[in-house]
Amino acid sequence: MSLLTPFCQQLKQQYIPKQRSTTHPVRCWSETDRHHTSIVDAFVIILRTTGCSWSHTDGCSMCGYFTDSAPDSLTTKDIETQVHQAMQRYHGEPVLKIFTSGSFFDTKEISRSLQQKILSLCATQAKKIVFESRPEYITKASIDLLTPFLKKTEIEVGIGLETANDLIREHAINKGFSYDDYLTAATSLQNNNIGVKTYVFVKPLFLTEKDAINDALNTVETVKNISTTISFNPANIQRHTVMEYFWRRQYYRPPWLWSILEILSESKQKTTTRLQCDIVGGGSHRGAHNCPACDKEILEKIRTLSLTQHTDKISSLSCNCKKIWTAQCNTEKLTFGSIIDYQQGYQ
Ligand code: SF4
Ligand SMILES: [Zn+2]
């Protein structure tokens, strides 16, 4: 068992589960996204299930999604009702993202028959459907389920690889699968004309800012040929997590937006694969941030870049805090990230 597992489990015990509706999804909303070369609307549904199986037994160091989970009494019928509730708000957006706070293809979360029903309901309506899953659930049975629907719609499956480095994934994230597990799953998706969206986590615990930039860039280099989309997830501090534990003690700072820009701009030079970056909590202490003077502008720049894929004019962005970021990247082996924020009074 990894050393992080008991730590993750212990912190989860401090969470007192809230009363949740089992017949309403966690959230659903419309947003703008890119589909091939066009900017289109996308509809996102987060279904409430009993949660990620890995989180129940072990858990990832940064993940607080277990707080979205429903009790074990949740039924398949309840989840079906959630789907119908959500689809009432769907207005033909070309991209439909159907997520759980876990894995869509984990039959402990969503039964195979309900997975089939959801596909039948949605495949005729959207041009592209996106799911998310850990690699162990991307089996022959899941692929066989998806294949017939490919005549009607494009399908992409997101896998949270986080990093191509097994050491970091195991000891800083506690992800519970190897790069080879990811590659096996991604290859079988690719061989069946199903898109692979690879999530790259920016700044796992215990990495300096510079190491985090290098780790993301190495990951892009490794996965660029198998991925249809590379989606960067800059760290945000979720409650009841190991990451929050370290952040509260100022042993960790979420990544700088300057780092995200550098990763996007360098990645664009490495690959033509579509790059995406959704920043949760951007500009706040718990999310990726620079300084109050430039957060808004840089976040907007990253959002636009995600949609247009244009990295031009990045080098012309500036703010006084860029010097501090540069200094941190050069000295962080000593300061280890947090001290800079602390000194600037941002925390
Ligand atoms: S990050 Fe993904 S795999 Fe890890 S605990 Fe959260 S939902 Fe499960
Ligand atoms: Zn700034």
Side-chain angles (χ1 to χ4, degrees), residues 2 4-5 7-9 11-12 15 26 46-69 99-106 108-110 131-138 157-163 168-170 172-178 181-182 185 197-202 204-205 231 233-244 253 255-261 280 282-285 288-302 316-328 340-341 344-346:
S2 152
L4 281 173
T5 287
F7 204 174
C8 289
Q9 291 298 322
L11 292 169
K12 278 182 194 145
Y15 171 67
V26 176
I46 315 255
L47 295 172
R48 195 181 302 284
T49 66
T50 49
C52 171
S53 295
W54 175 252
S55 177
H56 286 307
T57 56
D58 297 77
C60 300
S61 61
M62 72 302 193
C63 180
Y65 289 150
F66 65 93
T67 58
D68 284 340
S69 303
F99 299 155
T100 69
S101 300
S103 298
F104 183 85
F105 301 111
D106 179 357
K108 286 194 225 66
E109 284 191 60
I110 302 188
F131 300 106
E132 291 174 341
S133 180
R134 285 175 59 91
E136 61 263 40
Y137 306 115
I138 302 173
V157 178
I159 307 176
L161 173 68
E162 322 299 6
T163 165
I168 296 173
R169 195 177 329 91
E170 182 179 350
I173 301 180
N174 198 35
K175 197 78 196 183
F177 63 78
S178 67
D181 296 331
Y182 155 86
K197 180 180 191 178
T198 304
Y199 290 109
V200 179
F201 189 69
V202 180
L205 270 175
S231 180
N233 283 342
N236 69 93
I237 310 295
Q238 299 181 7
R239 292 182 196 278
H240 310 289
T241 61
V242 176
M243 185 165 269
E244 186 187 48
R253 182 208 193 273
W256 286 79
L257 297 176
W258 296 121
S259 302
I260 315 291
L261 282 178
V280 178
S284 72
H285 304 319
H289 62 277
N290 280 351
C291 82
C294 70
D295 279 341
K296 217 169 147 204
E297 183 194 354
I298 310 285
L299 284 166
E300 186 53 31
K301 182 73 201 170
I302 292 169
S316 64
L317 293 165
S318 70
C319 177
N320 285 342
C321 72
K322 197 167 181 180
K323 288 190 206 115
I324 305 171
W325 169 72
T326 308
Q328 178 173 345
I340 302 269
D341 243 12
Q344 297 297 312
Y346 299 150

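Hydrogens, waters and symmetry mates are skipped; everything else that's a heavy atom, side chains included, is used. One-based numbering, in listed order, for ligands and for the atoms of each.
Of all atoms in ligand 1, numbered sequentially from 1 with element shown, those under 4.0 Å from a heavy atom of Arg134 are 3 (S). Atoms of ligand 1 found under 4.0 Å from any heavy atom of Ser55, numbered from 1 in the order shown, are 5 (S).
Put simply, the side chain of Lys175 does not reach to within 4.5 Å of the side chain of Trp54, judged on heavy atoms. Counting heavy atoms from C-beta on, the side chains of Val157 and Phe105 come closer than 4.5 Å. The closest side-chain heavy-atom distance from Leu205 to Met62 is not below 4.5 Å.
Heavy atoms of other residues, nucleotides or ligands lying less than 6.0 angstrom from OH of Tyr65 number 12 at most.
Nearest protein neighbour of atom 4 (Fe) of ligand 1, counting heavy atoms only, is Cys60 SG, 2.3 Å. Among protein heavy atoms, the minimum distance from atom 6 (Fe) of ligand 1 is reached at Cys63 SG, 2.3 Å. The protein atom (non-hydrogen) at minimum distance from atom 2 (Fe) of ligand 1 is Lys175 NZ, 3.7 Å.
For the atom pair CG (Leu257) and CD1 (Ile302), the distance works out to 5.0 Å, reported to the nearest 0.5 Å.
At a 4.0 Å heavy-atom cut-off, ligand 1 touches Cys52 through the side chain alone.
Seen from the Zn ion (ligand 2), atom SG on Cys319 and atom SG on Cys291 lie at an angle near 100° (rounded to 10 degrees).
Ring planes of Trp258 and Trp325: tilted class, angle from 30 to 60°.
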